> 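Once you've had a glance at the structure underneath, I'll fire off some questions.
Each chain gets a letter, A, B and so on, in the order its sequence line appears, and its residues count up from 1. In what follows, every heavy atom counts, from backbone to side chain, and hydrogens, waters and symmetry copies are set aside. Since this is a predicted model, take the numbers as computed values, not measurements.
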There are 2 protein chains.
Amino acid sequence: MSGMGRPARISRDDVLRASMAIADSGGLGAVTMQAVARRLGVTPMALYRHVTNKADLLDALVEGLLTEFPLPAADLPWDERLRGLGRSIREVARRHPSLFPLLLQRPAATPESRRVRDAACAALEEAGLGAAQARRAERLLSTVVLGFAVSEAAGRFRDHPPSVIEEDFGCLERVIGQVLEGLVRPQERRAEHW
Amino acid sequence: MSGMGRPARISRDDVLRASMAIADSGGLGAVTMQAVARRLGVTPMALYRHVTNKADLLDALVEGLLTEFPLPAADLPWDERLRGLGRSIREVARRHPSLFPLLLQRPAATPESRRVRDAACAALEEAGLGAAQARRAERLLSTVVLGFAVSEAAGRFRDHPPSVIEEDFGCLERVIGQVLEGLVRPQERRAEHW
DNA sequence: ACCTGAACACCGTTCAAGT
DNA sequence: ACCTGAACACCGTTCAAGT
């Protein structure tokens, strides 16, 4: 397809992996074109062949967070699938605490985020919600889970022992479970408000 | 108290106000020591007399967000006070969309954040929760409200018309109201899980 | 096609000097 | 006490040049 020229010494994937490692160990501020280049043994200008600029680099990094975990097995009951999704996302936040907060500041309409969103919507529809109801529930649910994971990863709860925060999350899971149950069972009068 | 020397041309408050205006109109990236100085008609080095460095400047700015709204009147019923708090915070997010996301990434233990937190805890205790229960409920509630406000301010919902997002928030308010009601009324069996 | 060298406009921050 | 000028080490990014 393409005339070959000189063989590439680094790939776009190398650039992304090096940037991710720097972000994880040194924080977002340490992700610098020069730092990434140094780690790859190359000059900063070489990066621009594989990445259009720094904003593009960060975009790719943040999007990649959403492909780091597998979607829950489709044969699990819907409530377990939702729980699994929430826990996976929380683990990603712990693994990449400096990048993760950016996830809450991006449009929820990229291909990668759609993949996760559709999995959640499918589970919610299987629970008995209509399509529009499911999409609304997914927006609120993802906001809650991302908000908690960002808070935790960024250290907003740093004054509390981990066991307390763990129990906070358990609490959140139970409350969400109850709310969804109430939505699904028709005999509960509250469902009509949605 | 202090030997007077030369009269000051700018104050710390001038620096903060100028920085806030720049952040609101040009985004976080536009907040630069040189940009702030230019707006004040002074050289960048003059700022360091009133602010220890740029991190300190941003800290002060973010903390200031929490003093921009009045706490709800103490004679209102507890549920209206919580609702008022949530709406005030959401308005702050709209006013300062580029600074607001930083709020979710900071320890919730500064004097300014304590002021808001204590108001929420007081309302929750008045609702009938014990002290520890109230603090946990406040952590979760603030996470949910901040998460929603950040999402909104940062444009995560930009693909949906404002009316849909408005109804999302109304939905959130109702669900929270129902959960708190369930917690408070002893005859509901769910309360024991908390 | 891929990488480098040199260059540019910008950062934050310091230090000694002026008033 | 407050501000400035000059300076330093660092940014992101471009462009022409090498292989």
> Nearest whole Å is fine: how far is C/dG12 P from B/Asp56 CG?
14 Å
> Report the base-pairing partner of D/dC8 (Watson-Crick or G-U wobble, both distances below 3.5 angstrom), or none.
C/dG12
> Closest approach to the side chain of A/Ala8, judged atom by atom: which nucleotide of C/dC2, D/dT4, C/dT14 is it?
C/dC2
> Would you mind reading off the distance between B/Arg38 atom CZ and D/dT4 atom C1', rounded to a whole angstrom?
17 Å
> Please report, rounded to the nearest Å, how far the P atom of D/dA1 is from the CZ atom of B/Arg9.
19 Å
> State whether the side chain of A/Thr32 and the backbone N or O of A/Ala35 hold a donor-acceptor pair below 3.5 Å, judged by distance alone.
no
> Between A/Ser151 and B/Thr143 (side chain of the first, backbone of the second, donor and acceptor by atom type, cut-off under 3.5 Å), is there such a pair?
no
> Count the heavy atoms belonging to other residues, nucleotides or ligands that lie under 6.0 Å from CZ of A/Arg135, then report whether that count exceeds 12.
no
> Taking the minimum atom-to-atom distance to the side chain of A/Thr32, which one of C/dT13, D/dC11, C/dA6 wins?
D/dC11
> What is the distance, to the nearest angstrom, from the CZ atom on A/Arg49 to the P atom on D/dT13?
15 Å
> In the structure I gave you, are the side-chain heavy atoms of A/Arg106 and A/Glu63 within less than 4.5 Å of one another anywhere?
yes
> Under 4.0 Å from OP1 or OP2 of D/dG12: is there any side-chain N or O of A/Gln34 that close?
yes
> Counting only side-chain nitrogens and oxygens, does A/His50 get under 4.0 Å of the OP1 or OP2 atom of C/dC3?
yes
> Choose from C/dT4, C/dG12, D/dG5 the nucleotide whose nearest atom is closest to any side-chain atom of B/Lys54.
C/dG12
> Would you say A/Thr43 reaches C/dG5's phosphate, i.e. side-chain N/O to OP1/OP2 under 4.0 Å?
no
> Side chain of B/Val42 only, please: which of C/dT14, D/dC3, C/dC3 is the nearest?
D/dC3
> Would you indicate which nucleotide in C/dT4, C/dT13, D/dC2 comes nearest to any side-chain atom of B/Arg6?
D/dC2
> If you look at every strand shown and take non-hydrogen atoms under 4.0 Å, does B/Met33 touch a base, only sugar-phosphate, or nothing?
sugar-phosphate
> Flag yes if more than 12 heavy atoms outside A/Arg117 fall under 6.0 Å of its CZ atom; otherwise flag no.
yes
> Over how many whole Å does the gap from B/Met45 atom CE to D/dA1 atom P extend?
20 Å
> Let me know the distance between CD1 of B/Ile10 and C1' of D/dT4, rounded to the nearest Å.
12 Å
> Starting at the 5' end of DNA chain D, which residue's closest nucleotide do you reach first, B/Ala46 or A/Gly29?
B/Ala46
> Could you check how far CG of A/Asn53 sits from C1' of D/dT14, rounded to whole Å?
13 Å
> Once you apply the 3.5 Å cut-off to both distances, tell me the Watson-Crick or G-U wobble partner of C/dG18, or none.
D/dC2
> In whole Å, I'd like the distance from the OH atom of A/Tyr48 to the P atom of C/dG5.
17 Å
